[in-house]
Amino acid sequence: MPSDVYQFHIFAPKIRYMATNRTFTMIKPDAVENGHIGNILNMITEAGFSIKAMKYTRLTEAQAKAFYEVHAERPFYGELVEYMTSGPIVAAILEKENAVADFRALIGATDPAEAAEGTVRKAYAESKGRNAVHGSDSDDNAAIEGKFHFSAEEVH
Ligand code: UDP
Ligand code: MG
């Protein structure tokens, strides 16, 4: 095989991979209310994530309903929308190699009682519902959720 063709096969997957090295997060109302913004951001940057976009904001009911639309049929949906609109949040787009999976590992299980030692939810979440932080579950959702909160001009 000619070396230039070989190199194409080596590098093409990496280029696709690099394009999806972002995830989306929210520091949720309980963590903001409990004064954990600084500590959580510190855990995030210490873990090697860089901040591409960030804002301190508060979700409207319509925004929270739309953001969690996928859970609309679940019994906790109403409570989730109420909680997510109960106070301000920090929304951010983060970048790192393997961002989605690494960020899910950093935040830990949905229920802090099941979250591993050293994770954000273990350290700061109150309960399975009020669990301190959101992390996208796929590259596709990371892109959708990032665009939900930020225009192209707000990403740096
Ligand atoms: N949630 C809840 N009760 C449940 C499951 C989830 O209140 O039994 C809330 C919780 O805030 C969670 C969010 O709904 O973070 C979204 O649920 P998901 O299963 O996507 O968990 P996550 O991806 O946030 O770990
Ligand atoms: Mg989820």
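Order of appearance sets the numbers: ligands from 1, and atoms from 1 within every ligand. It should be emphasised that the depicted structure is a prediction, and the values quoted were computed from it without experimental measurement.
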Dump the intermediate steps for salt bridge (Lys or Arg N to Asp or Glu O under 4.0 Å) on E61 and K65, then the final yes or no. CA-CA 6 Å; E61 190 181 332; K65 280 182 172 167; 3.0 Å; yes

Name the closest protein heavy atom to atom 18 (P) of ligand 1, giving the residue it belongs to and the distance to 0.1 Å. H71 NE2, 3.7 Å

Identify whether NZ of Lys or CZ of Arg in K55 sits under 6.0 Å from the centre of the six-membered ring of F150 and within 45° of that ring's axis. yes

Membership question, hydrophobic clusters at under 4.5 Å side-chain separation (ILVMFWY): are M26 and V90 in the same one? no

Which of the numbered atoms in ligand 1 are under 4.0 angstrom from any heavy atom belonging to K28? 11 (O), 12 (C), 15 (O)

Hey, are D30 and Y124 close enough side-chain-wise for a donor-acceptor pair under 3.5 Å? no

Ignoring angles and geometry beyond distance, decide whether G129 reaches within less than 3.5 Å of ligand 1 through its nitrogen or oxygen atoms. yes

Short version for R121: what comes under 4.0 Å of ligand 1, heavy atoms counted, is side chain

Contact region, H134 to ligand 1, non-hydrogen atoms below 4.0 Å, reads neither

E79 atom CD, over 12 foreign heavy atoms within 6.0 Å: no

Parallel, tilted or perpendicular: which describes the rings of F24 and H134, with under 30° parallel and over 60° perpendicular? tilted

For ligand 1, which is the ligand I care about here, please tell me if R130 has any N or O atom under 3.5 Å from one of the ligand's N or O atoms. no

Measuring from atom 14 (O) of ligand 1, which candidate in F76, Y68, F67 has the nearest non-hydrogen atom? F76

Where's the contact between R74 and ligand 1, heavy-atom distance under 4.0 Å: side chain, backbone, both or neither? neither

Please lay out, stage by stage, how K96 and N21 fare under the test side-chain hydrogen bond (donor to acceptor under 3.5 Å, both in side chains). CA-CA 6 Å; K96 182 185 181 296; N21 280 340; over 6 Å; no

Take atom NZ in K147; do more than 12 heavy atoms of anything else shown fall under 6.0 Å from it? no

For atom 15 (O) of ligand 1, the option (of N131, D111, T110, L80) bearing the nearest heavy atom: N131

Looking only at protein heavy atoms, which one is nearest to atom 10 (C) of ligand 1, and how far off is it? K128 O, 3.3 Å

Taking only heavy atoms of R104, which atoms of ligand 1 are found under 4.0 Å from at least one of them? 22 (P), 23 (O), 25 (O)

